[in-house]
Structures are given as C-alpha cells and as structure tokens.
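Along the sequence shown, residues carry numbers from 1. In this text the structure is predicted, and so the values were computed from the model without any measurement.
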Amino acid sequence: MIYLIDGSLEGLLCAVFEWFERKPGPVILKTVQHYQPDAFIQTFQVDNDLNKADRVWKGLQRKLDKRWIRHFYCTFLSELPEAYSSLFEFACYIFSNPPGAEANYGNAHVLALSQTAHKVEREKHRMEAFIRFEHTADGMFYCGIDPDFNVLPLIMNHFKNRYADQRWIIYDLKRHYGLYYDLHIVEEIQMKNVESPENVENIESAEHKENPQSIQIPGNLEGACSTENETTSKVWSKPAKNIRSDKESLYAMLWKDYFKSTNIVARKNTKLHIQHVPKRYWKYLTEKRQDS
C-alpha cells in the first residue's frame with residue numbers, strides 16, 4: 001500500500017498515526033508531488049489532522065532525547081524524497097521498540113536519519129559562515145541564497161541575535177520565501193520576481209498565512225514550527241532600480257582590499273581553500289566577486 005502525504009511535517013506525523021491505527025502492513029510513503037499512479041497498488045490519501053500529528057509528536061518527545069528530535073526535524077528540512085520514507089519508518093520503528101532503539105545504527109532508517117541530519121547541519125553552519133549582506137538605500141541589509149536544504153528555520157536565531165540592531169532580509173531564491181527582521185521580530189516573507197536587491201523595495205502586509213509546519217518543535221530548533229508563533233506572510237513588491245546604498249560599493253571595495261592585503265601569496269593552497277570554502281558558496285562572498 002502507498003500512503004500519500006502533502007509533504008508537510010503535519011502530514012508525515014499523521015501518516016504514522018494512520019499506520020498504527022489501521023495496521024495495513026508494509027507501506028510506501030510518497031508525497032503527492034513525487035507520486036506516479038499505479039493501477040496495481042492500493043493508495044491511501046492521508047488527511048492532515050493537527051490533533052493526530054500532535055499526539056505523534058508528543059509520543060516522539062517521550063521516546064527520544066532533544067538531539068534525536070533535532071535529527072528528526074533536520075531530516076525533514078532536507079526535503080529529499082527518500083527522507084520522508086526514512087522519517088516514517090524511523091518513527092514506526094521507535095514506537096514499536098523499547099526506549100533506546102535510536103542507538104541501533106544497524107537499522108537502515110536510524111542510520112539514514114543520522115547521516116541526513118548531519119548534512120543539513122553542515123549546510124546550516126556554512127550558511128551562517130558565508131552569508132554576506134548588501135546594504136540597501138532604505139537601510140535594509142539583504143542577502144539572497146539558494147542552499148541545498150531548507151535551512152532558514154535553523155539559521156533564524158543566529159542572525160537575529162548577531163544582527164539585533166539591524167533590519168535584514170535573508171531570502172531563499174530556490175524556495176521562494178525568506179526571513180525579515182524588523183528590529184523586534186522575525187517574519188516570513190515572500191517576494192515577486194526576486195533575483196537580487198534591485199528587485200527589493202518595500203513590504204506590504206498580505207493575508208495571514210498559517211505555517212504549514214505547525215507542530216511545536218522543542219529542543220533548540222529555532223522556534224521554526226511553533227503553533228504559538230505563527231508567521232505573517234508578506235509580499236515584497238514595487239521593484240526598484242539601483243536600490244543599493246551609495247556606500248555599498250565602497251564597503252565592498254574596502255573589504256576586497258582587506259582580503260587581498262591579508263593574503264599571503266607564498267602560502268597559497270587552492271586545494272585546501274576549496275575544501276574549506278567550496279566554490280558553490282563563492283557567489284555569496286563579496287571578496288570573490290569580480291564586479292563592483
């Protein structure tokens with residue numbers, strides 16, 4: 001049998017609830033997005049139910065420590081098609097076995113969760129290290145990113161605490177949403193036709209949008225999925241030209257000069273440099289850009 005979910009965390013947890021309630025035997029978990037109809041396999045559409053999802057999540061909290069709860073959430077944020085099946089099988093395995101089952105790395109799903117979570121955490125760390133903001137004419141600091149995984153919920157608190165005195169936007173160009181900090185709170189925003197700061201000008205309040213990942217996630221998960229802290233969706237509109245601050249080019253030039261002056265040519269080790277700063281992250285680094 002195939003269980004179809006909408007790809008949300010709530011849908012995934014509801015699938016676990018339905019499996020234990022119905023006991024259908026072996027199940028393949030698929031998202032609607034990646035499902036290919038099969039006339040010979042029975043399918044079951046899992047409907048989202050916050051109460052059912054909440055019961056499953058609280059059960060996982062009782063069975064797992066905070067580290068494994070974070071592993072679970074990070075694996076979900078990977079958005080990999082195979083991650084949904086791993087999460088589903090892992091949850092069923094945990095509920096079907098005594099406490100401590102998560103330490104059995106001989107189980108394929110336990111191992112998959114651990115390895116995927118490690119990849120997501122590494123991407124989070126690199127985003128925190130390599131993000132470079134650009135100063136806009138209205139005093140905003142903007143950065144567009146396209147990480148391999150959906151790490152915005154994980155890096156939110158880092159930038160909120162580090163740049164608490166600045167208004168900033170970090171926008172995920174691949175997933176078409178971002179974070180906006182207004183010196184008080186961090187809000188989720190959406191933009192129209194966003195590729196660079198030239199397309200950014202002002203914010204307009206839009207219809208309130210409930211976070212689809214609406215289960216409260218404890219264990220230092222950056223408050224990304226709290227039902228008590230729903231985000232307000234906002235739309236970035238009215239594209240403007242030459243929106244960068246007049247001093248942005250100067251700041252970029254000064255930073256590049258500093259970068260060059262601290263470089264020791266005789267100790268250049270390109271292989272080691274690429275190992276620590278992979279080329280796919282160079283587009284975020286002011287010191288690596290050839291323009292301006």
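Residue Gln45 qualifies as enclosed at atom CD: its count of foreign heavy atoms under 6.0 Å is above 12. No more than 12 heavy atoms of other residues, nucleotides or ligands lie within 6.0 Å of CD in Gln33, so this atom counts as exposed by the packing criterion. Residue Tyr258 places its OH atom among 12 or fewer non-hydrogen atoms of other residues, nucleotides or ligands, all under 6.0 Å distant. The neighbour count for Lys174 NZ, taken as heavy atoms of other residues, nucleotides or ligands under 6.0 Å away, is above 12. Environment of CZ in Arg280: crowded, with over 12 heavy atoms of neighbouring residues, nucleotides or ligands closer than 6.0 Å. Residue-environment remark: CZ (Arg162) stays at or below the threshold of 12 foreign heavy atoms within 6.0 Å.
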Taking it one step at a time, do Tyr3 and Tyr84 satisfy side chain to side chain contact (heavy atoms under 4.5 Å, CB included)?
-> CA-CA 11 Å; Tyr3 272 17; Tyr84 294 100; over 6 Å; no
When you look at Phe90 and Trp68, which way does the ring-ring contact (aromatic ring centres under 6.0 Å, His included) test go after all the steps?
-> CA-CA 11 Å; Phe90 174 82; Trp68 273 99; 5.6 Å; yes
Between Thr31 and Leu4, is a side chain to side chain contact (heavy atoms under 4.5 Å, CB included) present by the stated rule, with each step listed?
-> CA-CA 5 Å; Thr31 61; Leu4 290 179; over 6 Å; no
Any chance you could lay out the side chain to side chain contact (heavy atoms under 4.5 Å, CB included) test for Met1 and Ile41, step after step, and finish with the verdict?
-> CA-CA 6 Å; Met1 176 178 284; Ile41 301 180; 5.6 Å; no
Chi angles and distances behind the side chain to side chain contact (heavy atoms under 4.5 Å, CB included) call for Arg55, Phe17 | CA-CA 8 Å; Arg55 286 179 60 183; Phe17 185 95; 3.6 Å; yes
Would you check, one step at a time, whether the test salt bridge (Lys or Arg N to Asp or Glu O under 4.0 Å) holds for Glu79 with Arg175?
-> CA-CA 11 Å; Glu79 299 179 333; Arg175 295 165 184 85; 2.8 Å; yes
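In this structure, CD on Glu89 lies 6.0 Å from SG on Cys92, to the nearest 0.5 angstrom. In this structure, the separation between CZ on Phe130 and NE2 on His125 is 7.0 Å, given to the nearest 0.5 Å. Separating the NZ atom in Lys124 from the NE2 atom in His158 is a distance of 7.5 Å, to the nearest 0.5 Å. Summarising the geometry, atom CG belonging to Leu179 is positioned 10.0 Å from atom CZ belonging to Phe159; distances are rounded to the nearest 0.5 Å. Rounding to the nearest 0.5 angstrom, the gap separating the OG atom in Ser114 from the CG atom in Asn107 is 12.0 Å. For the atom pair CD1 (Ile131) and CD1 (Ile155), the distance works out to 4.0 Å, reported to the nearest 0.5 Å.
Looking only at side-chain heavy atoms (C-beta outward), Ile5 and Cys14 stay at 4.5 Å or farther from each other. Side chains of Leu154 and Tyr73 form a contact here, defined as non-hydrogen atoms less than 4.5 Å apart. Inter-residue side-chain proximity for Trp282 and Ile274 is flagged as met; some heavy-atom pair is nearer than 4.5 Å. Residues Ile145 and Leu152 meet the side-chain proximity criterion, which asks for heavy atoms closer than 4.5 Å. Looking only at side-chain heavy atoms (C-beta outward), Phe88 and His109 stay at 4.5 Å or farther from each other. Taking the side chain as every heavy atom from C-beta outward, Arg70 and Glu121 approach each other to under 4.5 Å. A heavy-atom distance below 4.5 Å is found between the side chains of Glu18 and Lys52. At least one side-chain heavy atom of His276 sits less than 4.5 Å from a side-chain heavy atom of Leu272.
The nearest pair of heavy atoms linking Cys143 to Arg132 is SG-O, 3.4 Å. Residues Met127 and Pro147 share a closest heavy-atom pair of SD-CB, 4.0 Å. The heavy-atom pair separating Asp182 from Glu187 by the smallest distance is OD2-OE1, 4.4 Å. Minimum interatomic distance between Phe133 and Ile169 (heavy atoms only, all atoms of both residues): CE2-O, 3.7 Å. For the residue pair Ala91 and Val16, the shortest heavy atom distance occurs at CB-CG2, 3.8 Å. Residue Leu87 comes nearest to Leu113 through the heavy atom pair CD2-CD1, 3.3 Å, listed as atom of the first residue, atom of the second, then distance.
Put simply, the side chain of Tyr181 never gets that close to the backbone of Gln166: no donor and acceptor are under 3.5 Å apart. Between the side chain of Asp54 and the main chain of Leu50, no donor-acceptor pair closer than 3.5 Å is present. Looking only at distances, no side-chain donor or acceptor of Ser78 sits under 3.5 Å from a matching main-chain atom of Thr116.
Side-chain heavy atoms closer than 4.5 Å link hydrophobic residues (I, L, V, M, F, W, Y) into clusters, and following such links, even through other members, never connects Tyr35 to Trp19. Linking ILVMFWY residues whenever their side-chain heavy atoms come closer than 4.5 Å, directly or via other members, places Val56 and Tyr93 in the same cluster. No continuous path of hydrophobic side-chain contacts links Phe259 to Val277 [ILVMFWY only; heavy atoms under 4.5 Å]. Cluster annotation: Ile69 is connected to Leu111 through the hydrophobic network of ILVMFWY side chains, with a link wherever side-chain heavy atoms come within less than 4.5 Å. A continuous path of hydrophobic side-chain contacts links Tyr105 to Ile94 [ILVMFWY only; heavy atoms under 4.5 Å].
Screening residues 260-271 for side-chain hydrogen bond (donor to acceptor under 3.5 Å, both in side chains), with sequence neighbours left out, gives no hits.
Taking the six-membered ring wherever Trp is involved, the centroid distance between the rings of Phe72 and Trp57 falls below 6.0 Å. Within the 6.0 Å centre-distance limit, the rings of His135 and Phe141 are counted as a close aromatic pair. Aromatic rings of Trp168 and Tyr163 (six-membered ring for Trp) have centroids beyond the 6.0 Å cut-off, not under it.
The existence of a salt bridge linking Glu123 and Lys119 is excluded, since no basic side-chain nitrogen approaches an acidic carboxylate oxygen closer than 4.0 Å.
Checking Asn150 against Tyr177 by side-chain atom types alone, a donor-acceptor pair falls below 3.5 Å.
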